[in-house]
K.L.:
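The structure is given below, and queries will be raised subsequently.
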Amino acid sequence: MYQIIPPLLFIHLQINYGLSAIIIICFIFILSVGFGYLFYNYYLLKQLVVVQNAVIKQQIAATTGIIHAEENERRRIAGDLHDGVGQLLSATKMNLDALLERLRVIAPENLELTTKTIFMVDEGCREVRAIAHQMMPNVLLKAGLVPALRDFVNKIESRSLKIVLEAVVLEKQLNSNTEIVLYRVVQEAVNNAVKHAGASLLDIQLTIDGDGVSVTVEDNGQGFDTSKRTKFEGLGLKNIVARVTYLKGTVDISSSPGMGTLVAILIPLT
Ligand SMILES: Nc1ncnc2c1ncn2[C@@H]1O[C@H](COP(=O)(O)OP(=O)(O)O)[C@@H](O)[C@H]1O
Ligand SMILES: [Mg+2]
């Protein structure tokens, strides 16, 4: 049995098919454009991340280079000062002492000038040694971070500034490079407290365990406004951040006027 399709219905069906095809093609086109757009955005984002990572890597490499160069230079200058100028001044002082011994008969006004000169040479010797020591403390290289910090703190403590240093070391010694960088960071934080805080108490806590290193330097001084960008334009705080970043750690500087300052550093040990 044949069913005869009326021509009008046939045309109607043909138009419907045509329309559906156009709609489907449009839909596929819109979908492709949408996916294409999304994919392009994803690609751009990926490129951006790659560029950002490259910039960060370059910055870290530059900081590492600067820190290494700075430490090498400090070591060299400290060595030259101690072994060069320091030794020369010591020898000069010994010669002057010997000369004074030989010149038995000496007019009182000359004697005073001579002893003053010897005293000044001696002072120069001590100062050169102190500068060399501050640049690269021997005890840091020989005995490590904690003895070096104790030594540093003992030299700074005074009647008006009490310093508490507590160190808990549960992990084996850190590598020498990490110790030097940490020493510099604590040295700067402590120097800042001495220079700017007018504090009466300084508390330094150091913990080295399996997770990493935690250091806090806290003073009860006048504090400062950490939201002021100018405070971070000097070398000290900037260097603290650069050095801690170099060790892949984090630093948090909390302070406000009248509330003291807390510098908290965390270095993960991998
Ligand atoms: N412990 C602190 N107490 C009070 N002010 C501080 C302290 N540490 C830093 N500051 C403020 O932050 C500024 C920037 O410090 P820093 O970068 O070390 O530079 P500098 O010590 O050479 O001035 C200081 O000039 C001071 O105003
Ligand atoms: Mg400073």
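Below, each value reflects all heavy atoms present in this structure, side chains not excepted, and no hydrogens, waters or symmetry copies.
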K.L.:
Hey, does the side chain of Glu179 reach the backbone of Leu145 with a donor-acceptor pair shorter than 3.5 angstrom?
P.N.:
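Yes, because the side chain of Glu179 sits within donor-acceptor range (under 3.5 Å) of the backbone of Leu145.
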K.L.:
Answer yes or no: is there a side-chain heavy-atom contact under 4.5 Å between Ser256 and Phe224?
P.N.:
no
K.L.:
Should Gln187 and Leu149 count as side-chain neighbours, where that means a heavy-atom distance under 4.5 Å?
P.N.:
no
K.L.:
Just wondering, do Leu266 and Val213 contact through their side chains at under 4.5 Å, heavy atoms?
P.N.:
no
K.L.:
Does some side-chain heavy atom of Asn220 sit less than 4.5 Å from a side-chain heavy atom of Thr261?
P.N.:
no
K.L.:
Any heavy-atom pair between the side chains of Lys93 and Leu89 that's under 4.5 Å?
P.N.:
no
K.L.:
For atom CZ of Phe232, is the number of surrounding heavy atoms from other residues, nucleotides or ligands below 6.0 Å larger than 12?
P.N.:
yes
K.L.:
Do any N or O atoms from the side chain of Ser20 and from the backbone of Asn16 form a donor-acceptor pair under 3.5 angstrom?
P.N.:
yes
K.L.:
Do Gln52 and Gln47 have side chains that approach each other closer than 4.5 Å (heavy atoms only, starting at C-beta)?
P.N.:
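They are not in contact (no side-chain heavy atoms under 4.5 Å apart), so the answer is no.
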K.L.:
Checking Asn95 against Thr92 for the side chain to side chain donor-acceptor pair (under 3.5 Å) test, could you report, in this order, the C-alpha distance in whole Å, the side-chain angles of both residues, the deciding distance, and whether it holds?
P.N.:
CA-CA 5 Å; Asn95 280 0; Thr92 310; over 6 Å; no
K.L.:
Within the 4.5 Å heavy-atom criterion, are Ile208 and Val168 side-chain neighbours or not?
P.N.:
no
K.L.:
Could you check Ile180 against Arg75 for side chain to side chain contact (heavy atoms under 4.5 Å, CB included), going step by step and ending with a plain yes or no?
P.N.:
CA-CA 11 Å; Ile180 291 174; Arg75 211 179 282 221; 3.2 Å; yes
K.L.:
In this structure, are over 12 heavy atoms from other groups packed under 6.0 Å from Gln134 atom CD?
P.N.:
no
K.L.:
Kindly say whether Gln205 contributes a backbone atom to a donor-acceptor pair with the side chain of Glu166 at under 3.5 angstrom?
P.N.:
no
K.L.:
Of all heavy-atom pairs between Lys248 and Pro268, which one has the smallest distance, and what is that distance?
P.N.:
O-CD, 3.3 Å
K.L.:
Minimum heavy-atom separation for Glu188 and Gly236, please, with both atom names.
P.N.:
OE2-CA, 3.3 Å
K.L.:
Test of understanding: clusters of I, L, V, M, F, W, Y form through side-chain heavy atoms closer than 4.5 Å, transitively. Do Val169 and Ile204 belong to the same one?
P.N.:
yes
K.L.:
Side-chain donor-acceptor pair under 3.5 Å between Asp225 and Ser227, yes or no?
P.N.:
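There is such a pair between these side chains.
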K.L.:
Just wondering, do Val164 and Leu202 contact through their side chains at under 4.5 Å, heavy atoms?
P.N.:
no
K.L.:
Checking side-chain contact (heavy atoms from CB on, under 4.5 Å) against Val190, which of Val185, Val263, Leu165, Ile156 comes through?
P.N.:
Ile156
K.L.:
Looking at Gly223 and Ser255, what are the two nearest heavy atoms and their distance?
P.N.:
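So the two residues come closest at CA-OG, 3.3 Å.
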K.L.:
Would you call Glu70-Arg243 a salt bridge at under 4.0 Å N-O?
P.N.:
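Judged by the 4.0 Å cut-off on N to carboxylate O distance, Glu70 and Arg243 do form a salt bridge.
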K.L.:
State which residues pass salt bridge (charged side-chain N to carboxylate O under 4.0 Å, His left out) with Asp80; sequence neighbours excluded, sorted by chain then number.
P.N.:
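Residues passing salt bridge (charged side-chain N to carboxylate O under 4.0 Å, His left out) with Asp80: Arg76.
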